[in-house]
Enquirer: 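Provided herewith is a single structure, encoded as structure tokens, for subsequent inquiry.
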Amino acid sequence: MLLDKLNTQFGNNSHYKVNRDLKLKDKCFSIVHYAGEVTYQVDGFLEKNRDTLFADIQEAASNSKNSLLSILFRGENQPDAGNSSGVKKAGAMFARGGAKERPTTAGDKFKKSMQSLLATLYSCQPHYVRCIKPNDQKKALGYDDNRVKEQLRYLGLFENLKVARAGFCYKQTYEKWIQRYNIISDLTFPRWKGSAKDAVEMLVKDHLKLPPNEYQMGKTKLFLRSPQTLFDVEEKRIQAFHRIATKIQAVWRSWKIRKVYIELRREALDVFKGQKERTRMSMARGAVSFFGDFLGLQNSTDLALIQKEGDNKILFSEKVNKVNRKFKIQERGLVLGEKNIYNLKYYKKPKKGFNFEITRSNPISDIDSVSVSRLADDFVVVHIGKEYDYVFETPKKTVFITLLKKQVKKAFNRDLSINVLESIAYKIRKGANKAIQFEKDETVNSSTKKVQKGILNVKMSSGVKQ
């Protein structure tokens, strides 16, 4: 019996096992291949693996002088009707050209099948998808470790991984590699002037600084030895995406804010158009000036004092020269919030963690109007309806008035009245009135101030007309 002979001959071989499949009882044996065990059934094993004898061998054996041999093979070569020679027709025994035709063996069939498969593979660019069954019950979320490992062994993935780790686990053409990883360096992104190979060489040597034993530059491809190197390169690519995304966001936000400030600048040009002379510096002021928070209070700890008054956003902040009721100049801070306008007095040294105190605050709703002169001076008078007015001098008067006008329109849906006068009267404490008289004098280089009979006289040379 075949199984007994196999057991006797290969019983001690580590690659041979008997009776692996209990369902087939003692009619099977197993061969331990590199991927796993494969069970073979004994019944019909010889018949399925027997090759047909060649026709010339059958003919020679049937015509043998040995009577036993002739009888054994005569049945394979019986004469046809009308053919008394006892020999098969020539068409059955001989192929074209007179050569005898041999039957196709199992080896020939396998060889032809492999040749056909290779011809098909070489004619295209195949990509293989390895399908792994998590379980045999077709259950959702069911995972059989042993079944999955068995499939991985049968597919030869473990061996492929060993081979890849022994050499270079990753290879890619220079063109495809630089197309994916050019974003890593500013020298290669968004464009690289040169060959793809030079770009790859520059990245791996100068930018990524990979160890020489971790990569190899081929004729058309880059080879990476270990998976960790590839993971590190991929991580660099992800970081580059974050870096570029941050740049795009910054540029977009800058554009968006700048667009708003450009609109404010256009509005500012119309505030005094044809009514007030301007200094050259005021005319050349850019859109960024309308950012407004020149003191940087929005991002400082001093913002807490403003927040106590109900304002969370600073529209304008700057140090100005305030004119008190005795016409004396005092350095103060001017702050415009979304709800109130503030007068700040700065400390010489911080007190309780703050750099100033709020000496006065008025709601924007109480502001009746704003007055300026026709000359190129920097005086501004903010008229407060229920209280005394606020008089100060600042070169950023256009920015302040533009932002105040916009906020009054936004919050109260009314236009702020702007007066352009040669003489401005204003209220001080206890209901008294004061005035500022403006006069053009080409002999002065900058504004001069002089108090006469309770009036502040300001002389100013000619400015730029709009």
Side-chain angles (χ1 to χ4, degrees), residues 1-58 60-61 64 66 68-69 71-73 75-76 101-122 126-139 142-171 223 225-228:
M1 188 177 179
L2 175 62
L3 186 58
D4 293 335
K5 291 182 180 181
L6 292 175
N7 292 340
T8 302
Q9 188 71 21
F10 305 107
N12 297 327
N13 194 305
S14 60
H15 296 283
Y16 178 84
K17 290 186 179 181
V18 186
N19 297 339
R20 176 178 178 272
D21 196 337
L22 298 177
K23 294 180 181 179
L24 300 175
K25 297 182 180 179
D26 60 345
K27 296 182 180 180
C28 63
F29 64 94
S30 300
I31 302 297
V32 182
H33 294 270
Y34 76 94
E37 296 182 11
V38 180
T39 302
Y40 298 92
Q41 191 174 358
V42 174
D43 293 342
F45 187 86
L46 293 178
E47 287 74 11
K48 292 179 181 178
N49 292 275
R50 180 184 298 162
D51 284 338
T52 305
L53 287 176
F54 297 144
D56 54 353
I57 297 177
Q58 294 182 24
S64 175
N66 188 309
L68 178 59
L69 189 61
I71 294 171
L72 289 175
F73 284 90
E76 301 289 337
E101 182 181 12
R102 295 187 175 185
T104 303
T105 63
D108 290 334
K109 292 179 180 179
F110 180 77
K111 184 178 179 180
K112 290 179 180 179
S113 176
M114 289 301 297
Q115 289 176 344
S116 176
L117 176 61
L118 290 175
T120 303
L121 292 177
Y122 288 142
H127 296 275
Y128 300 96
V129 178
R130 306 290 190 180
C131 297
I132 306 296
K133 291 173 60 177
N135 59 76
D136 292 327
Q137 290 75 32
K138 298 181 180 180
K139 283 174 134 186
Y143 189 86
D144 188 344
D145 290 345
N146 295 329
R147 187 72 178 95
V148 172
K149 289 179 181 178
E150 182 182 29
Q151 294 176 76
L152 293 176
R153 285 196 305 269
Y154 277 38
L155 290 171
L157 296 183
F158 291 135
E159 281 65 27
N160 291 340
L161 184 59
K162 290 179 182 178
V163 172
R165 286 185 173 179
F168 294 92
C169 70
Y170 174 84
K171 60 181 179 180
F223 297 83
R225 185 175 297 280
S226 62
Q228 187 58 46

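We count residues from 1, following the sequence as given.
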Enquirer: Once rounded to the nearest 0.5 Å, what's the spacing between atom OG of Ser226 and atom OH of Tyr170?
Expert: 13.5 Å

Enquirer: Provide the closest heavy-atom pair for Cys28 versus Thr39 in the form atom of the first, atom of the second, distance.
Expert: CB-CG2, 3.9 Å

Enquirer: Measure the CG-CG distance between Asn12 and Asn7 for me, rounded to the nearest 0.5 Å.
Expert: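 The CG atom of Asn12 sits 10.5 Å away from the CG atom of Asn7.
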
Enquirer: Looking only at heavy atoms, what is the nearest atom pair of Phe158 and Lys149, with distance?
Expert: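 Scanning both residues completely, I find the closest heavy atoms to be CE1-O, 4.1 Å.
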
Enquirer: Which word best sums up how the rings of Phe29 and Tyr16 line up, parallel for under 30°, tilted for 30 to 60°, or perpendicular for over 60°?
Expert: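 The rings of Phe29 and Tyr16 lie parallel, inter-plane angle below 30°.
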
Enquirer: Between Ser64 (side chain) and Ala60 (backbone), is there a donor-acceptor pair under 3.5 Å?
Expert: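 No; judged by distance alone, with no hydrogens or angles, the pair does not exist.
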
Enquirer: Any donor and acceptor pair, going by atom type alone, linking the side chain of Tyr154 with main-chain N or O of Glu37 inside 3.5 Å?
Expert: yes

Enquirer: When you compare the side chain of Lys112 with that of Lys109, does any pair of heavy atoms fall below 4.5 Å?
Expert: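 No - every pair of side-chain heavy atoms lies 4.5 Å or more apart.
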
Enquirer: Any side-chain heavy atom of Ile132 within less than 4.5 Å of one from Pro134?
Expert: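 Answer no - side chains too far apart.
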
Enquirer: Looking at Asp4, is its backbone amide N or carbonyl O close enough to the side chain of Thr8 to form a donor-acceptor pair, meaning the two atoms are under 3.5 Å apart?
Expert: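 At least one qualifying donor-acceptor pair exists.
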
Enquirer: Give a yes or no answer on whether the side chain of His15 reaches the backbone of Ile31 with a donor-acceptor pair at less than 3.5 Å.
Expert: no

Enquirer: Run the salt-bridge test on Glu150 and Arg147 with the 4.0 Å N-O cut-off and return the result as yes or no.
Expert: yes

